[in-house]
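Accompanying notes for the structure given below.
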Amino acid sequence: MLKIGFKSLRKIVGYFWLLISNLPMPGTWRWRFLRFSGIKFYVPKDKKHFVYIGNNVTWDSAYPEEIEIGNGVHITTGCVLLTHCLDTSKRGIYWKKGHIKIEDGVFIGAHTVISKSVTIGQGSIIGAGSVVTKNVPSYEIWGGVPAKFIKKIEDHD
């Protein structure tokens with residue numbers, strides 16, 4: 001007889017919700033399904049919550065609970081968010097688990113890859129096609145492969 005523990009069942013249900021979120025729907029609805037997969041969305045006390053998630057965004061199915069997304073975030077089409085990466089300090093194939101935190105008001109351009117354990121600061125902009133492997137401070141524009149600082153956002157109040 002097959003025994004499935006609560007943690008295993010939770011992963012299976014989470015994976016189902018990740019699949020559902022890829023169905024055609026408005027980008028402002030997707031977060032409602034993704035929160036059931038384990039991804040953390042922070043809804044402000046006044047309940048005015050806006051997150052836009054484009055089509056074909058790939059979420060780490062191994063550790064979706066390690067992703068946190070703030071209010072007013074735009075994640076555009078084709079982005080990839082990975083919370084685990086290869087641990088090269090050991091012999092063989094081993095994975096390291098990381099944590100991705102995207103703070104309020106962040107814009108992430110199309111086909112951006114966010115990997116490793118990173119925090120993207122409030123109000124930052126990530127250029128399309130970038131690969132983010134380092135923390136991005138608040139109110140800065142980053143882009144490229146790997147993503148590098150481009151400029152500070154001056155008037156952000």
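For reference, positions follow the sequence shown, starting with 1.
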Write down the atom of [X], the atom of [Y], and the distance for their closest heavy-atom approach.
X	Y	answer
Asp104	Gly70	OD1-CA, 3.2 Å
Ser124	Pro137	OG-O, 2.7 Å
Ser37	Leu18	OG-CD2, 3.6 Å
Gly109	Cys79	O-SG, 3.2 Å
Pro146	Thr133	CB-OG1, 4.3 Å
Arg30	Ile53	NH1-O, 2.9 Å

For residues [X] and [Y], determine if any side-chain heavy atom of one lies less than 4.5 Å from a side-chain heavy atom of the other.
X	Y	answer
Ile114	Val80	no
Ile69	Tyr42	no
Val136	Thr119	no
Asn55	Thr76	no
Glu65	Lys40	yes
Phe33	Met25	yes
Thr83	Ile67	yes
Ile153	Ile125	yes

Exercise for review: Give the C-alpha distance, both sets of side-chain angles, the deciding distance and a yes or no for side-chain contact (heavy atoms from CB on, under 4.5 Å) between Trp29 and Val51.
Suggested key: CA-CA 8 Å; Trp29 291 8; Val51 172; over 6 Å; no

N/O donor to acceptor pairs below 3.5 angstrom from side-chain atoms of residues 88-96, sequence neighbours left out:
unit_1	atom_1	unit_2	atom_2	d
Ser89	OG	Asp87	OD1	2.6

Point to revise | side chain to side chain donor-acceptor pair (under 3.5 Å) partners of His111, counting only residues at least two apart | key: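 His111: no side chain to side chain donor-acceptor pair (under 3.5 Å) contacts found.
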
Check your understanding: Is Leu23 linked to Phe36 within one hydrophobic cluster, defined over Ile, Leu, Val, Met, Phe, Trp and Tyr using a side-chain heavy-atom separation of less than 4.5 Å?
Key ->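 Yes.
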
Practice item. Indicate, with yes or no, if Ile108 and Phe41 share a hydrophobic cluster defined by side-chain heavy-atom contacts under 4.5 Å among Ile, Leu, Val, Met, Phe, Trp and Tyr. Key: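 Yes, it is one cluster - the side chains of Phe41 and Ile108 are joined through contacts under 4.5 Å.
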
Point to revise | side chain to side chain contact (heavy atoms under 4.5 Å, CB included), paired with Ile75, selected from Ile102, Ile126, Val106, Thr112 | key: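 The single option meeting the side chain to side chain contact (heavy atoms under 4.5 Å, CB included) with Ile75 is Ile102.
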
To the nearest 0.5 Å, what is the distance between [atom1] ([X]) and [atom2] ([Y])?
X	Y	atom1	atom2	result
His99	Tyr63	NE2	OH	14.5 Å
Leu86	Ser115	CG	OG	12.0 Å
Phe149	Trp142	CZ	CH2	8.5 Å
Ser21	Arg35	OG	CZ	13.0 Å
Leu82	Ser117	CG	OG	12.5 Å
Ile39	Leu34	CD1	CG	4.5 Å

Point to revise | Residue pair His84 / Glu66, side-chain donor-acceptor N/O under 3.5 Å | key: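 No, no side-chain donor-acceptor pair sits under 3.5 Å.
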
Check your understanding: More than 12 foreign heavy atoms under 6.0 Å from NZ of Lys134: is that the case here?
Key ->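 No, not enclosed.
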
Check your understanding: Any chance OH of Tyr15 has more than 12 other-residue heavy atoms, nucleotides or ligands included, within less than 6.0 Å?
Key ->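 No, because the 6.0 Å sphere around OH of Tyr15 holds 12 heavy atoms or fewer from other groups.
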
Does any N or O in the side chain of [X] come within less than 3.5 Å of the main-chain N or O of [Y], such that one atom is a donor and the other an acceptor?
X	Y	answer
Ser130	Val145	no
Glu68	Lys101	no
Asn71	Phe50	yes

